[in-house]
Every structure is written in structure tokens, then in C-alpha cells.
Amino acid sequence: MLPAAFFARPALELAPDLLGLVLLHERDGLAVAGRIVEVEAYCGPNDLAAHSAGGRRTARNEVMYGPAGRAYVYFIYGMHWCVNVVAARRGVPEAVLLRAIEPVAGLEQMRARRGPHVHDASLGRGPGNLTRALAIDRAQNDADLRRGALRLLRPSRRAGLATPSTADVVRSPRIGVAYAGEWAARPWRFSLRGNASVSHPPRDA
DNA sequence: GAATAGATTGTCT
DNA sequence: GACAATCTATTCT
């Protein structure tokens, strides 16, 4: 189990360390899992791109103000769910958006959820697709990601997964936040260089 | 390959 | 009533 201290750090620090971790969702006795390959940090009241910009606190983003290591799940564009990992300490509303996973287990389930025409590498490519492949919705909001049906795991060497080196991590501007002015340009998106499951691949990757 | 439009609803002003 | 931390198909170039 990942220690609580792993999550209780600034989102900007936690974000790159989430790359390579495995996100697992167990439902109906079936395990579906993917390796995180793309994330974005949302850094509290000062970050105009964050739901907590200006210290905004509503029923929707309440989980961002809670303890680190919980899932913040929200609905967007009338049809997609997005999942974040809450960072920092209580009262500090920071989170890391999980934007893409590379399928690791439960491929058949993911294919069934995504439809017949989706390439395996794209099953969890993009935040909306990730939640669909892993069957994450409002029921997982505030779930403890250290334990439980939806949880984060260290990569297992046995499964052939390795912890990425810092040289494999690409920083780039966040996606879909053009309205946030100067904050939109900050390189607070982290992805694994050249990975086929990364959405909107940075040019140098 | 890039740009555009349409889908569709929870959330907040 | 406006808009959103998106995705897909379609229509350009």
C-alpha cells in the first residue's frame, strides 16, 4: 500500500511520481488495470485553471479540500467523467488529473466498454476514455485510492512494469485550459515520452 | 495532418 | 442560461 505521505505533497511534486503507477479497479470479481502514462497538476487557489481557482469551494470540488490520496471525480461536457488524485494536506485544494493509462489487465473488459473499433493502445487514451475503460464515475468520488476497489499500486517487476526514469518524463502545457490566461502556458502536464497511449502527444515525444 | 462542429448535462452565475 | 480539465466524425488543406 502506498504511504499517506506519498500523496500529501504539492500536486506539482506528486504528478510526475504518479507516472508508471498502476490504477486498478475491481468490480464483479474482475480486475481491470492500466499504467498511468499522462497526468496534469492543478495547483490550488492560485491556479486559474483549477476548479479551486480563487479558493472556490462547492459541493462538486469539496473532495479537493479533503485528505490526499482520495479520488476527485467530476462530470464534464455532458458526457465524460474525469478522475483526479487529491494532493497536498487537508484544506489545500490541489489535485492531479489522470489523463491516460496504458492497458495492463482486463483488456477484454476494456474493449467491451470502449467498443469494437478502438485500438488497444487507445483504450485509456484521454481522461474521458480512461474513466470509461475503467468504469469510473460519480460512485468513485472521494474513494480512498490507497485501498479499496479503485486503488493505485506500485508497478510490479513481475508483470514486466518498470518505474520510469526522469529522462522518460516530458513536461508540456495542460490541455483544454486556454481560458486560464498565463496559467494555461505553465508546463504542468507530465507524460511518458513516446508512449502510444498518451493523448495529444507533445512534439518532442 | 489540421481545423471544425456536434453531442449532451451537471454545475454555477 | 452559459459553459465546461472531452471525444469523435467529418471536412477541409
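The basis for the numbers below is simple: all heavy atoms, side chains too, and nothing from hydrogens, waters or symmetry mates. Every chain is numbered from 1, with letters handed out A, B, ... down the list of sequences.
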| task | Mind listing the residues from residues 49-68 of chain A sitting with a heavy atom below 4.0 Å of DNA chain B? Number order is fine. | result | T58(A), R60(A)
| field | Interatomic distance where CD1 belongs to I136(A) and P belongs to dT6(C) [whole Å] | value | 16 Å
| query | With the threshold set at 4.0 Å, does a side-chain nitrogen-carboxylate oxygen contact exist between R9(A) and D17(A)? | reply | yes
| query | Which pair of heavy atoms, one from S197(A) and one from I101(A), lies closest together, and at what distance? | reply | CB-O, 3.5 Å
| Of all pairs that satisfy ring-ring contact (aromatic ring centres under 6.0 Å, His included), the ones with a partner from residues 91-121 of chain A, not counting sequence neighbours | none
| task | Mind running a 4.0 Å heavy-atom check of residues 75-111 of chain A against DNA chain B and sending the residues that fall below it, in number order? | result | F75(A), Y77(A), G78(A), M79(A)
| task | Check for a donor-acceptor pair, side chain of Q109(A) on one end and backbone N or O of G106(A) on the other, with a separation under 3.5 Å. | result | no
| Within the distance-only criterion (no hydrogens, no angle test), does the side chain of E94(A) pair as donor or acceptor with the backbone N or O of G44(A) below 3.5 angstrom? | no
| said: Salt bridge check, R35(A) against E102(A): does any charged N sit closer than 4.0 Å to a carboxylate O? | reply: yes
| query | So how far is it from I36(A) CD1 to S191(A) OG, rounded to the nearest 0.5 Å? | reply | 13.0 Å
| Sequence neighbours excluded, every pair satisfying ring-ring contact (aromatic ring centres under 6.0 Å, His included) that has a member inside residues 37-61 of chain A | H51(A)-Y72(A), H51(A)-Y74(A)
| field | All side-chain hydrogen bond (donor to acceptor under 3.5 Å, both in side chains) counterparts of D120(A), not counting sequence neighbours | value | R111(A)
| field | Value in whole Å for how far the C1' atom of dA4(C) lies from CD1 of I175(A) | value | 15 Å
| request: Linking directly or through intermediates, with side-chain heavy atoms under 4.5 Å: list the remaining ILVMFWY members grouped with L161(A), chain and number order. | output: V22(A), L24(A), V104(A), L153(A)
| note | Between NE2 of H117(A) and P of dC7(C) the distance, given in whole Å, is 19 Å
| Residue list, ring pair (Phe, Tyr, Trp, His ring centres under 6.0 Å) with F6(A), at least two apart or on another chain | none
| request: Tell me, please, which residues at least two apart from H25(A) pass ring pair (Phe, Tyr, Trp, His ring centres under 6.0 Å). | output: none
| Would Y74(A) count as stacked on dA5(C) if the rule is ring centres under 5.5 Å and plane angle under 30°? | no
| Is it the case that R57(A) places NZ or CZ above or below the six-membered ring of Y65(A), under 6.0 angstrom from the centre and within 45 degrees of the axis? | yes
| request: May I ask you to decide whether D168(A) forms a salt bridge with R193(A), counting only side-chain N to carboxylate O separations under 4.0 Å? | output: no
| query | Contact boundaries of DNA chain B with chain A (under 4.0 Å, heavy atoms), 5' to 3'? | reply | dA7(B) to dC12(B)
| said: Just to verify, what does F190(A) make a ring pair (Phe, Tyr, Trp, His ring centres under 6.0 Å) with, not counting sequence neighbours? | reply: none
Close N/O contacts between protein and nucleotides 8-13 of chain C (under 3.5 Å):
{"unit_1": "dT8(C)", "atom_1": "OP1", "unit_2": "R114(A)", "atom_2": "NH2", "d": "2.6"}

| Per-nucleotide pairing state of DNA chain C [Watson-Crick or G-U, under 3.5 Å; [ ] pseudoknot-crossing; | other strand] | ||||.|||||||.
